[in-house]
Amino acid sequence: MGKSASKQFAEEALRRHNELRKRHQAPPLKLSSKLNREAARYAESLASTRILKHSEDSSKGSYGENLAWASNDQLGHFTAMVWKSTTTLGVGKAIASDGSSFVVARYFPAGNITNQGHFESNVLPARGPGLTS
């Protein structure tokens, strides 16, 4: 993926994240060039092996991580996207030899903590047009 295309993809992912975060009363994320580089590098690694597996650093809790592997573009794991205490985002995308896409989204600080009270204080109810508050 070329630099301008990857930058455009990251900016679009940030825009979509922040739209959802606003509806869920979470402050906007900022893009991190460091996390973008790391996410892109890991997306390339996933695309080359064609094995969808969380990174070692993510498993240690260094940051949150969403992964997607699809024959079309998509991004999942909604609660990580709207986790209120997360402040920065990095996004990387790579295309495997079969044409499928690998997307890595990294979040810092990590969210989706299952300890008592963390979910309730970080994933807030949606507000906005068509929703009751």
Side-chain angles (χ1 to χ4, degrees):
M1 194 172 189
K3 286 202 188 252
S4 64
S6 61
K7 182 179 180 183
Q8 184 178 359
F9 181 76
E11 288 172 354
E12 176 62 16
L14 176 68
R15 186 183 68 75
R16 299 285 293 165
H17 273 74
N18 284 338
E19 286 172 359
L20 290 169
R21 290 176 65 83
K22 183 177 181 179
R23 290 185 79 178
H24 284 269
Q25 307 169 65
L29 296 174
K30 295 179 181 176
L31 276 178
S32 161
S33 56
K34 178 182 183 274
L35 287 178
N36 280 345
R37 282 191 306 275
E38 291 172 357
R41 198 171 320 133
Y42 195 59
E44 289 289 340
S45 172
L46 293 174
S48 69
T49 62
R50 296 184 59 219
I51 297 172
L52 193 64
K53 174 181 153 186
H54 280 289
S55 68
E56 208 173 292
D57 287 335
S58 171
S59 299
K60 293 179 193 172
S62 301
Y63 45 72
E65 188 172 73
N66 273 344
L67 305 177
W69 177 11
S71 58
N72 58 5
D73 290 339
Q74 62 183 1
L75 193 58
H77 297 291
F78 177 75
T79 56
M81 296 171 72
V82 299
W83 198 265
K84 185 177 180 179
S85 63
T86 296
T87 59
T88 55
L89 169 70
V91 181
K93 178 180 173 184
I95 307 300
S97 58
D98 66 355
S100 60
S101 299
F102 284 81
V103 175
V104 176
R106 290 194 170 169
Y107 306 89
F108 184 83
N112 282 350
I113 301 165
T114 57
N115 298 351
Q116 182 79 26
H118 283 274
F119 185 88
E120 295 80 5
S121 62
N122 281 284
V123 180
L124 305 177
R127 293 189 177 164
L131 299 172
T132 57
S133 50

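What you are looking at is a predicted structure, and each value in this text was computed from that prediction instead of being measured.
- For the atom pair S45 OG and K53 NZ, the distance stands at 9.0 Å (nearest 0.5 Å).
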#### Entry: side-chain contact (heavy atoms from CB on, under 4.5 Å) between V91 and N36, worked out
CA-CA 5 Å; V91 181; N36 280 345; 4.3 Å; yes
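- Atom CD of E56 is surrounded by 12 or fewer heavy atoms from other residues, nucleotides or ligands within 6.0 Å.
- Pairing each heavy atom of A110 with each of G64, the nearest pair is CB-N, 3.3 Å.
- Taking each heavy atom of A47 and A94 in turn, the nearest pair found is CB-CB, 3.8 Å.
- Scanning for side chain to side chain donor-acceptor pair (under 3.5 Å) contacts around R50 gives D98, with sequence neighbours left out.
- Rounding to the nearest 0.5 Å gives a distance of 4.5 Å between NE2 of H54 and CG of L67.
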### Task
Decide yes or no on side-chain contact (heavy atoms from CB on, under 4.5 Å) for S48 and E44, but give the supporting numbers first.
CA-CA 6 Å; S48 69; E44 289 289 340; over 6 Å; no
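- In this structure, L124 is not a member of the same hydrophobic cluster as L20, with clusters built from ILVMFWY side-chain heavy atoms closer than 4.5 Å.
- For the pair I95 and S101, the tightest heavy-atom approach, listed with the atom from each and the gap, is CD1-OG, 3.4 Å.
- Remark: the backbone N or O of F108 is paired with a side-chain donor or acceptor of T87 at under 3.5 angstrom.
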### Task
Report the C-alpha distance between W83 and H118 in whole Å, list the side-chain angles of each, state the deciding distance to 0.1 Å, and finish with yes or no for side-chain contact (heavy atoms from CB on, under 4.5 Å).
CA-CA 10 Å; W83 198 265; H118 283 274; 4.2 Å; yes
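- Two residues are said to be in side-chain contact when any heavy atoms from C-beta on lie closer than 4.5 Å; R106 and S55 meet this criterion.
- Pairs passing the salt bridge (Lys or Arg N to Asp or Glu O under 4.0 Å) check and including a residue from residues 78-89, sequence neighbours excluded, do not occur.
- Taking each heavy atom of L29 and L14 in turn, the nearest pair found is O-CD1, 3.4 Å.
- Closest of all the heavy-atom pairs between F102 and A96 is CE1-CB, 3.8 Å.
- With E19 as the partner, the salt bridge (charged side-chain N to carboxylate O under 4.0 Å, His left out) test is satisfied by one option alone out of R15, K22, R21: R15.
- Taking CG of N18 as the reference point, atom NZ of K30 lies at 10.5 Å (rounded to 0.5 Å).
- A continuous path of hydrophobic side-chain contacts links M81 to V123 [ILVMFWY only; heavy atoms under 4.5 Å].
- Residues V82 and L89 share a hydrophobic cluster, clusters being chains of Ile/Leu/Val/Met/Phe/Trp/Tyr side chains in contact below 4.5 Å.
- Using a distance-only test at 3.5 Å, with no hydrogens or angles considered, a donor-acceptor pair links the side chain of S121 to the main chain of G117.
- For the pair P125 and Q25, the minimum side-chain heavy-atom distance is below 4.5 Å.
- The two atoms that bring Y107 and E65 nearest to each other are CD1-N, 4.1 Å, heavy atoms only.
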### Task
Check step by step if side-chain contact (heavy atoms from CB on, under 4.5 Å) holds for T88 and Y63.
CA-CA 10 Å; T88 55; Y63 45 72; over 6 Å; no
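- Note that CG of N122 and OG1 of T79 are 10.0 Å apart. Values are rounded to the nearest 0.5 Å.
- T86 OG1 to H17 NE2: the interatomic distance, rounded to the nearest 0.5 Å, is 9.0 Å.
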